[in-house]
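On a predicted model such as this, the values are computed, not experimentally measured, just so you know. Side-chain atoms are counted along with the backbone in the values below, which use heavy atoms only and exclude waters and symmetry mates.
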There are 2 protein chains.
Amino acid sequence: MVVRNELTDDETDRIFRALADATRRDIVTRVLRQEQSVSALAGHYAMSFAAVQKHVAVLERASLVTKQRRGREQVVHAEMSTLHRAARLLESYEELWHGRARRIDDLLAEEVPPGGRGAE
Amino acid sequence: MVVRNELTDDETDRIFRALADATRRDIVTRVLRQEQSVSALAGHYAMSFAAVQKHVAVLERASLVTKQRRGREQVVHAEMSTLHRAARLLESYEELWHGRARRIDDLLAEEVPPGGRGAE
DNA sequence: ATTTCGTACAACCATTTGGTTGTAGGTTAC
DNA sequence: GTAACCTACAACCAAATGGTTGTACGAAAT
C-alpha cells in the first residue's frame, strides 16, 4: 500500500476536527495506551453508549483509530501514522516560522518588490 | 508572566477546532510567513470580508493569532507559542504510544518533584 | 467636510455537531 | 433455544458553525 505523506485538506479537516473534542482526545489516549472495545471505552464516560460509538466513528473517519472485530466485540486501536502526520504538519508550521527571519532580511534588502498586490 | 505549558481542555478544543478548516490553516500559514492586515488576507479568498473576519476571530479566540492596530488596519500575526504547544501535545501522544508497553504508573510516581520543571 | 477604506457587529440562514432514545442484528453464555 | 451482551443505525433535537447581507464607526485621503 502506498502511503502518501501529505494530507489532503479534507483529511486534515477530519483529523483536527476529531481532535477538537475532549472526549475523543481521551479515547485516543486510552487506546494509545491499550486497545479497548467500544463498550469498555463507553464505560468511562457519562454519556450513552451510542454517543461514544459516534465519537469512535468520528475518529475512525479521521483515520485516527481503526476497529477490529474480536468475537462479539469491536476492538479499537490507535492509528499512529495519522497522529504522526498531524504532528508533522504542525511542525512544518513551526519550520515555516523559523524561516521567516530570512525572508525579513530579503524584504529589508529589496523594499517591496513591484507588483506585490496582484498575484495568487 | 507565568507560561503554563499544558493546555486546558477548552483551549485545546479551540485550537484544534480552529485548525480544522482549510481557510483558517491557510490564514495561519500566510501570517506565519508574514503578518498581514485582515483586508489583505480577505483579498486572497473567494468569500466575503466578514467571513474572513470571522475566521480570524476563531483563530484569535484559539490564541493562534493576535491582532494589532496599525493606523486604520488591524495587523494579524501568528502566535507561535500556541502552535508550538499544540505540536507538543501531539508529540506527547506519540511518546505515549512508544512507551505503552511500560507501566505508566511508575513514571507518574517519579515525575514532577515540586518546582521541578516549572516555567519556560 | 466628504468620501473612502478597514473594521466591527448584528441578524439571518442552511448545515453540521453532539447528544438522546429506540430498534434490530449478531455472538457468546446458560 | 433463550437470555444477555456488544454493536449498528435511524430518528430526533438543541446548539454551534460557516456563510451571507446590512449597518455603523473611526481613521485617512481628497
What protein N or O atoms touch nucleotides 12-19 of chain C N or O atoms at under 3.5 angstrom, if any, and at what distances?
{"unit_1": "dG18(C)", "atom_1": "OP1", "unit_2": "Arg24(A)", "atom_2": "NH2", "d": "3.2"}
{"unit_1": "dG18(C)", "atom_1": "OP2", "unit_2": "Arg24(A)", "atom_2": "NH1", "d": "3.0"}
{"unit_1": "dG19(C)", "atom_1": "OP2", "unit_2": "His55(A)", "atom_2": "NE2", "d": "2.1"}
{"unit_1": "dG19(C)", "atom_1": "N7", "unit_2": "Lys54(A)", "atom_2": "NZ", "d": "3.1"}
{"unit_1": "dG19(C)", "atom_1": "O6", "unit_2": "Lys54(A)", "atom_2": "NZ", "d": "2.1"}

**Asked** Between atom OH in Tyr45(B) and atom C1' in dG18(D), what is the gap in whole Å?
**Response** 15 Å
**Asked** Nearest-Å distance, CG (Leu59(B)) to C1' (dG18(D))?
**Response** 13 Å
**Prompt:** Taking only residues two or more places apart in sequence, or in another chain, which ones meet Glu95(A) in a side chain to side chain donor-acceptor pair (under 3.5 Å)?
**Reply:** none
**Whole-Å distance separating the CZ atom of Arg14(B) from the C1' atom of dT17(D)** = 16 Å
**Message:** I want to check something: taking the side chain as every heavy atom from C-beta on, are Leu7(B) and Phe16(B) in contact at a cut-off of under 4.5 Å?
**Reply:** no
**Asked** Heavy atoms under 4.0 Å, any strand shown: does Ala57(B) hit a base, just sugar-phosphate, or nothing?
**Response** nothing
**Asked** For Glu73(B) and dA27(D), what is the distance between atoms CD and C1' respectively, to the nearest whole Å?
**Response** 11 Å
Between the protein and nucleotides 2-4 of chain D, list the N/O to N/O atom pairs that are separated by less than 3.5 angstrom.
none

**Asked** Hey, is the side chain of Lys67(A) poking within less than 4.0 Å of OP1 or OP2 on dT7(D), counting only N and O atoms?
**Response** no
**Request:** Check the distance between dT20(C)'s P and Gln53(A)'s CD and give it to me in whole angstrom.
**Result:** 12 Å
**Request:** Tell me what Arg69(A) touches on the nucleic acid: a base, only sugar-phosphate, or nothing, going by heavy atoms under 4.0 Å.
**Result:** sugar-phosphate
**Complete:** In short, Phe49(A) meets Ala42(A) closest at the heavy-atom pair CD1-CB, 3.8 Å
Show me the side-chain donor-acceptor pairs of residues 52-59 of chain A shorter than 3.5 Å, one per line, residues at least two apart or across chains.
{"unit_1": "His55(A)", "atom_1": "ND1", "unit_2": "Arg24(A)", "atom_2": "NH1", "d": "3.2"}

**Message:** Do His44(B) and Ile27(B) have side chains that approach each other closer than 4.5 Å (heavy atoms only, starting at C-beta)?
**Reply:** no
**Request:** Please check the phosphate of dA8(C) (OP1 and OP2 only) for any side-chain N or O of Gln74(B) closer than 4.0 Å.
**Result:** yes
**Ion pair Arg88(B)/Glu91(B), N-O distance below 4.0 Å** = yes
**Fill in**
In short, Thr8(A) meets Thr12(A) closest at the heavy-atom pair O-OG1, 2.7 Å
**Asked** Where each residue is assigned the nucleotide of DNA chain C containing its nearest heavy atom, which of Gly71(A) and Phe49(B) is assigned the position nearer the 5′ end?
**Response** Phe49(B)
**Request:** Using the side chain to side chain donor-acceptor pair (under 3.5 Å) rule, collect all pairs that involve residues 68-82 of chain A, keeping only residues at least two apart or in two chains.
**Result:** Thr66(A)-His77(A)
**Fill in**
Ser39(B) has its side chain closest, among dA8(D), dT7(D), dG6(C), to dG6(C)
**Fill in**
Asp13(A) meets the side chain to side chain donor-acceptor pair (under 3.5 Å) criterion, sequence neighbours left out, with Arg25(B)
